[in-house]
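See below for the structure under consideration.
Small disclaimer: the values here were computed from a predicted structure and weren't measured. Numbered from 1 within each chain, the chains take letters A, B, ... in sequence-line order.
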There are 2 protein chains.
Amino acid sequence: MAKRESNVDRVYEALRRMAADFAFKPDQRLNESALSEVLGASRTPLREALNRLVAEGFLTFQINRGFFCRPLTPSYILDLYEARVAIECEALRIACQRAPEADITAFSAYLDRMEPEYESATELEELLTLDESFHNRLVQLSGNSELQRMLKNLNGRIRYIRLIDLKRMRDQAEGRAPGDVSAHRLVLQGLVARDVEVATRALRNHIEKRREEATEAVRIAFSQLYVPDED
Amino acid sequence: MAKRESNVDRVYEALRRMAADFAFKPDQRLNESALSEVLGASRTPLREALNRLVAEGFLTFQINRGFFCRPLTPSYILDLYEARVAIECEALRIACQRAPEADITAFSAYLDRMEPEYESATELEELLTLDESFHNRLVQLSGNSELQRMLKNLNGRIRYIRLIDLKRMRDQAEGRAPGDVSAHRLVLQGLVARDVEVATRALRNHIEKRREEATEAVRIAFSQLYVPDED
DNA sequence: GAATTCAAAATTGTATACAGTTTGGAATTC
DNA sequence: GAATTCCAAACTGTATACAATTTTGAATTC
């Protein structure tokens with residue numbers, strides 16, 4: 001039987017996970033020999049995977065100097081969240097206009113089913129996966145593969161920003177509980193009523209609020225660690 | 001002095017240009033040895049470039065079978081144009097809200113300066129470059145690098161769809177002249193007034209109209225050449 | 001003649017070698 | 001001691017070789 005997944009795919013996924021889990025410091029140069037040993041592949045497939053990550057914006061590349069972990073700056077975080085608003089709100093608009101009634105019903109049922117898990121989730125990763133899942137499914141309702149691809153890419157890059165945010169929320173427990181699904185419910189209500197304006201306004205507010213929290217969380221978390229070059 | 005551009009970059013650009021210029025037939029398998037000879041590089045940097053193009057959605061990849069030119073289907077074209085609406089309308093919204101007055105004035109002057117060129121452009125490529133330039137500059141006004149990156153990617157993949165569209169328009173000269181900037185003027189008016197609703201409505205209409213034309217043009221152009229797998 | 005088998009040819013997958021470049025630090029200069 | 005030079009070590013860039021897999025097409029079977 002033929003293999004299903006290529007070695008480059010495997011290495012790519014491993015690198016993406018490492019990036020999301022803080023394995024690389026911002027602006028850190030990635031040593032290809034060391035990485036290839038850790039990942040159990042030679043430099044040839046490793047570099048193919050690294051090139052994919054550059055194309056997707058996870059890493060940067062400098063000729064004759066290699067691949068670097070992309071640093072987190074406030075303006076970069078702003079850009080990523082604004083792009084999420086663009087993708088998700090347009091997907092929601094499309095979904096309001098043409099998603100089959102059955103899909104919306106299923107989405108609603110999904111949120112009901114997940115609510116207890118949200119409330120009881122203890123692991124941050126678990127909570128984050130649940131939240132990402134809501135947004136992914138929302139964009140799926142649009143039926144647009146490009147919007148799905150773009151969201152997946154953004155989520156991959158935003159993931160560790162959100163982990164920092166959730167960590168802070170849990171530590172402080174200020175106001176909103178981490179597992180609060182009320183914002184998601186508001187979006188759903190608009191979608192069920194197929195009211196583009198109400199739905200997108202709710203979603204936009206939700207994402208922008210999260211952005212503000214996340215920016216602040218990152219600022220606090222990193223302010224004592226290093227000073228990234230901002231421009 | 002150090003080199004500025006890497007070999008992989010050069011190969012990548014060459015491949016992208018080839019893809020945009022119909023050098024590869026849809027679903028055609030790309031022969032690595034042949035390509036590496038044409039491009040004057042060994043398979044190692046070639047494959048790195050090909051992996052970037054896969055990550056960006058220009059090509060597809062199958063394990064042990066190599067890289068393939070992505071086929072054009074109506075639903076793929078719809079997805080790309082919808083994604084453009086998402087990116088450009090949100091960028092325009094942001095620009096309405098916070099682009100410096102000076103940048104908007106400069107943008108307006110740019111459109112005035114370009115109008116004669118639009119009218120007189122004879123080469124399709126020239127016309128297309130002018131049109132892409134308008135949209136790129138619009139998104140630049142948002143100051144968001146991620147939106148710019150996403151638009152650049154979409155434009156790269158949409159480019160040859162638009163060439164087909166422009167070709168048909170020129171051949172038929174039905175109704176609208178190819179170099180019509182009135183739709184762009186409407187968008188600009190909304191932006192100058194900083195009226196998000198007016199501006200985004202004009203832009204959305206413009207892109208969606210172009211999508212309809214392009215879909216039809218591709219349908220006609222390809223209907224006798226081959227039948228792509230649609231699903 | 002359509003379907004099947006199978007081996008040769010073509011093609012992809014990747015480890016490795018080595019050339020070219022950058023980096024780090026010791027030696028030197030001021 | 002700070003700045004500069006320079007060389008060795010480390011690292012990246014890529015051509016190449018060869019293993020693994022797929023494709024092709026001729027031979028065979030029904």
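- Residues B:Arg219 and B:Glu216 are paired through a salt bridge, judged by an N-O separation under 4.0 Å between the basic side chain and the carboxylate.
- We find that CG of B:Asn64 is positioned 12 Å from C1' of D:dA19, with the value rounded to whole Å.
- Checking the phosphate oxygens (OP1, OP2) of D:dG13, a side-chain nitrogen or oxygen of A:Arg47 falls inside 4.0 Å.
- A:Thr215 and A:Tyr81 share no donor-acceptor pair across their side chains, judged by distance under 3.5 Å alone.
- The distance from atom CG of B:Leu35 to atom P of C:dT11 is 12 Å, rounded to the nearest whole Å.
- We find that CD of B:Glu48 is positioned 11 Å from P of D:dA15, with the value rounded to whole Å.
- Rounded to an integer number of Å, the gap from A:Arg10 CZ to C:dT14 P is 9 Å.
- Look at CD on B:Glu37: it is 12 Å from P on D:dA15, rounded to the nearest Å.
- Residues A:Arg157 and A:Phe58 meet the side-chain proximity criterion, which asks for heavy atoms closer than 4.5 Å.
- Paired with A:Glu125 under the rule salt bridge (charged side-chain N to carboxylate O under 4.0 Å, His left out), one option of A:Arg159, A:Lys167, A:Arg162 passes, and it is A:Arg159.
- No contact: A:Leu50 has no heavy atom under 4.0 Å from any strand.
- Nearest nucleotide to the B:Asn31 side chain, out of D:dT12, C:dT12, D:dT14: C:dT12.
- Considering only the side chain of B:Asn7, D:dT14 comes nearest among C:dT14, D:dT14, C:dT12.
- Dashed line: the shortest gap from a side-chain N or O of A:Ser42 to OP1 or OP2 of C:dA15 is under 4.0 Å.
- Residue-to-nucleotide contacts include a donor-acceptor pair under 3.5 Å from the side chain of A:Thr44 to the base of C:dT16.
- Straight-line distance from the CZ atom of A:Phe67 to the C1' atom of D:dG13: 10 Å, rounded to whole Å.
- Side-chain to base pairing of B:Arg65 with C:dG13: no donor and acceptor N or O lie closer than 3.5 Å to each other.
- In this structure, B:Phe61 reaches the sugar-phosphate backbone alone: every heavy-atom distance under 4.0 Å involves primed, P, OP1 or OP2 atoms, never a base.
- In this entry the distance linking OH of A:Tyr12 with P of C:dG13 reads 18 Å, nearest Å.
- Where A:Arg43 and B:Gln62 each meet DNA chain C at their nearest nucleotide, the meeting point lying more 5' is that of B:Gln62.
- Atom CG of residue B:Asn155 and atom CD of residue B:Glu88 lie 7.0 Å apart, to the nearest 0.5 angstrom.
- The interatomic distance linking A:Phe68 (CZ) with D:dT12 (C1') rounds to 11 Å, in whole Å.
- Heavy atoms of B:Arg29 sit under 4.0 angstrom from primed sugar atoms or phosphate atoms, though from no base atom.
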